[in-house]
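Quantities reported herein were computed from a predicted structural model and do not represent experimental measurements. Residues: numbered from 1 along the sequence shown.
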Amino acid sequence: MTALMTRATWPLATATALGLAISASAAAATEPAEGPNPGYYRMMLGDFEVTALSDGTVELPMHELLHMPADEAKALFEDAYLDVPVETSVNAFLINTGDRLVLVDTGAGTLFGPTLGKLGASLEAAGYRPEQVDDIYLTHLHPDHVGGLMDGESRMFPNATLHADQDDIDYWLDADQLEAAPEGQKGFFQGAMASMNPYIEADAFEAFDDDSELSPGIHAEQTHGHTPGHSIYRVESDGETLVLWGDIMHAAAVQFPHPDVTIDFDSAPDEAREQRKALFASIAEEGDWVAGAHLSFPGIGHLRAEGDAYEWLPVNYSYDPQAASGE
């Protein structure tokens, strides 16, 4: 009789246990997840696969760094529902041509604070490993673009060849320039040296000194101004074009409506301004894709001219990379 009664209570006991489990699960589900997600976004450009990789974000006092009255800049950010300091994306881009795996910029590594240095996790989440990268094209040698080259004392990308404009090499890797730099800027030189020299010593570096085709479908174009050797990369496949423009601009909420505005990070502000205005105009006219290091991740989209200003049209999210390419 006891056994029969025990069996009779099983449905009730099971239901009670299940209810408790569901309640515990529901309670656990209300706890917020911790830590950032690895960030990547994939699209097709003709026959090339392009993957945006997030290195993280960093808060910057953009309203103070931009060359315009701080209160006016702050108002523009507020109009865009952004607080100051502004949480600013740091992006890199991986191009799989089918023959070569090319990385454009490498993020900050450990050179720009704890909220950056996430490129390796994003690369792994995207299905790639550092040792698979064949070439690294650097837009310039600022720390948030070269710091990811190193993993402690080792090269993060042991099989990759670096490529950068010779003018940036001559400036940022020069000991005399380091000595002459203001104290607050010496870290830019030291970061470039620590990141670049292990590759140079390993004979894994090639400089270019003019507009060049570095690999089939990928051209380097000199856009000096932000730094002495700042360059962009024009990627072309099957009639489609993507311009990887590095630090042509930093603050979308200000510099798209006001392309004349420069920033403290520019080595030659007047030259940087003219490069930006010319590139904005040509990209908008041609309808090319563009990808920016400091546009909100994934940093890919189009530009539309609105008089002397520009409207940023970010890529429409797609689960299917083919759909994101417009095919």
Side-chain angles (χ1 to χ4, degrees), residues 32-43 50-66 77 80-95 102-130 132-133 136-152 154-157 160 187-188 190-192 194-196 226-227 244-255 263-265 290-301 312 314-315 317:
E34 295 183 358
N37 293 323
Y40 75 94
Y41 179 77
R42 193 153 18 238
M43 63 174 278
V50 177
T51 306
L53 299 170
S54 174
D55 192 53
T57 62
V58 60
E59 289 191 344
L60 294 174
M62 286 291 191
H63 61 306
E64 298 173 352
L65 295 169
L66 292 163
F77 287 120
Y81 296 95
L82 295 172
D83 296 325
V84 293
V86 181
E87 187 173 6
T88 303
S89 291
V90 176
N91 308 321
F93 300 92
L94 188 71
I95 306 160
V102 177
L103 179 63
V104 178
D105 289 335
T106 68
T110 60
L111 299 182
F112 226 96
T115 60
L116 296 176
K118 317 304 181 189
L119 181 78
S122 296
L123 182 70
E124 182 177 352
Y128 291 100
R129 302 184 308 277
Q132 292 178 287
V133 176
I136 298 173
Y137 299 163
L138 298 170
T139 59
H140 60 297
L141 271 58
H142 276 171
D144 53 323
H145 297 258
V146 301
L149 286 170
M150 297 300 292
D151 180 15
S154 302
R155 287 180 288 148
M156 175 67 82
F157 305 96
F188 282 68
Q190 293 163 341
S195 302
M196 296 290 296
H226 176 60
T227 66
L244 301 165
W245 72 17
D247 280 10
I248 283 291
M249 53 79 66
H250 295 76
V254 172
Q255 289 175 300
I263 195 168
D264 280 356
F265 298 129
V290 65
H294 301 304
L295 290 163
S296 184
F297 185 79
I300 300 173
W312 172 242
V315 62
Y317 178 80

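Looking at Val84 and Glu59, their side chains never come closer than 4.5 Å, going by heavy atoms from C-beta outward. For the pair Phe93 and Ile300, the minimum side-chain heavy-atom distance is below 4.5 Å. Taking the side chain as every heavy atom from C-beta outward, Arg129 and Glu124 never approach each other to under 4.5 Å. In this structure, the side chains of Val315 and Pro298 come closer than 4.5 Å at one or more pairs of heavy atoms. Between Met196 and Leu149, some side-chain heavy-atom pair lies under the 4.5 Å cut-off. Taking 4.5 Å as the limit, every side-chain heavy atom of Asn91 sits out of range of all side-chain heavy atoms of Leu53. Side-chain contact between Thr106 and Phe157 is present, with at least one heavy-atom pair separated by less than 4.5 Å. Phe77 is listed as a side-chain neighbour of Leu66, based on a closest heavy-atom distance under 4.5 Å.
Evaluation of the side chain to side chain donor-acceptor pair (under 3.5 Å) rule for Thr51 yields Arg42 as partners, not counting sequence neighbours. By the ring pair (Phe, Tyr, Trp, His ring centres under 6.0 Å) test, His140 is found to be paired with His142, His145, His226, His230, residues two or more places apart in sequence or in another chain being considered. In terms of the side chain to side chain donor-acceptor pair (under 3.5 Å) criterion, residue partners of Asp264 (sequence neighbours excluded) are, by chain and number, His67. With sequence neighbours left out, the side chain to side chain donor-acceptor pair (under 3.5 Å) criterion links Tyr128 to Glu49, Asn96. In this structure His294 satisfies the side chain to side chain donor-acceptor pair (under 3.5 Å) test together with Asp144, Asp247, sequence neighbours excluded.
Put simply, the side chain of Asp55 never gets that close to the backbone of Ala92: no donor and acceptor are under 3.5 Å apart. The main-chain N or O of Gly152 is never found under 3.5 Å from a side-chain atom of Ser154 such that the two would form a donor-acceptor pair.
Nearest approach of Ala252 to Leu295, heavy atoms of both residues: CB-CD2, 4.0 Å. In terms of heavy-atom proximity, Ser122 sits nearest to Ser54 at OG-O, 2.7 Å. Closest of all the heavy-atom pairs between Tyr317 and Tyr41 is CD1-CE1, 3.5 Å. Between Gln132 and Gly127, the closest heavy-atom pair is OE1-O, 4.3 Å. When all heavy atoms of Ala80 and Ala253 are compared, the closest pair comes out as CB-CB, 3.9 Å.
Rounding to the nearest 0.5 angstrom, the gap separating the CG atom in Leu94 from the CG atom in Asp105 is 12.5 Å. Distance check: Trp312 CH2 to Met249 CE gives 8.0 Å after rounding to the nearest 0.5 Å. Rounding to the nearest 0.5 angstrom, the gap separating the CD atom in Glu64 from the CD1 atom in Ile263 is 11.5 Å. Atoms CZ and CG, on Phe188 and Leu141 in that order, are 12.0 Å from each other to the nearest 0.5 Å.
Here the options are Ile136, Leu123, Leu138, the test is side chain to side chain contact (heavy atoms under 4.5 Å, CB included), and the partner is Leu103; only Ile136 passes.
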- [ ] Carefully, step by step, assess Leu60 and Leu65 under the rule side chain to side chain contact (heavy atoms under 4.5 Å, CB included).
- [x] CA-CA 8 Å; Leu60 294 174; Leu65 295 169; 4.3 Å; yes
Open item on the list: Assess the residue pair Ile95 and Leu244 against the criterion (side chain to side chain contact (heavy atoms under 4.5 Å, CB included)); give the C-alpha distance rounded to whole Å, side-chain angles, the decisive distance to 0.1 Å, and a yes or no.
Closed with: CA-CA 11 Å; Ile95 306 160; Leu244 301 165; 3.7 Å; yes
Report all side-chain donor-acceptor pairs from residues 108-120 shorter than 3.5 Å, counting only partners two or more places apart or in another chain.
residue: Thr115; atom: OG1; partner: Thr57; partner atom: O; Å: 2.6
residue: Lys118; atom: NZ; partner: Pro114; partner atom: O; Å: 3.0

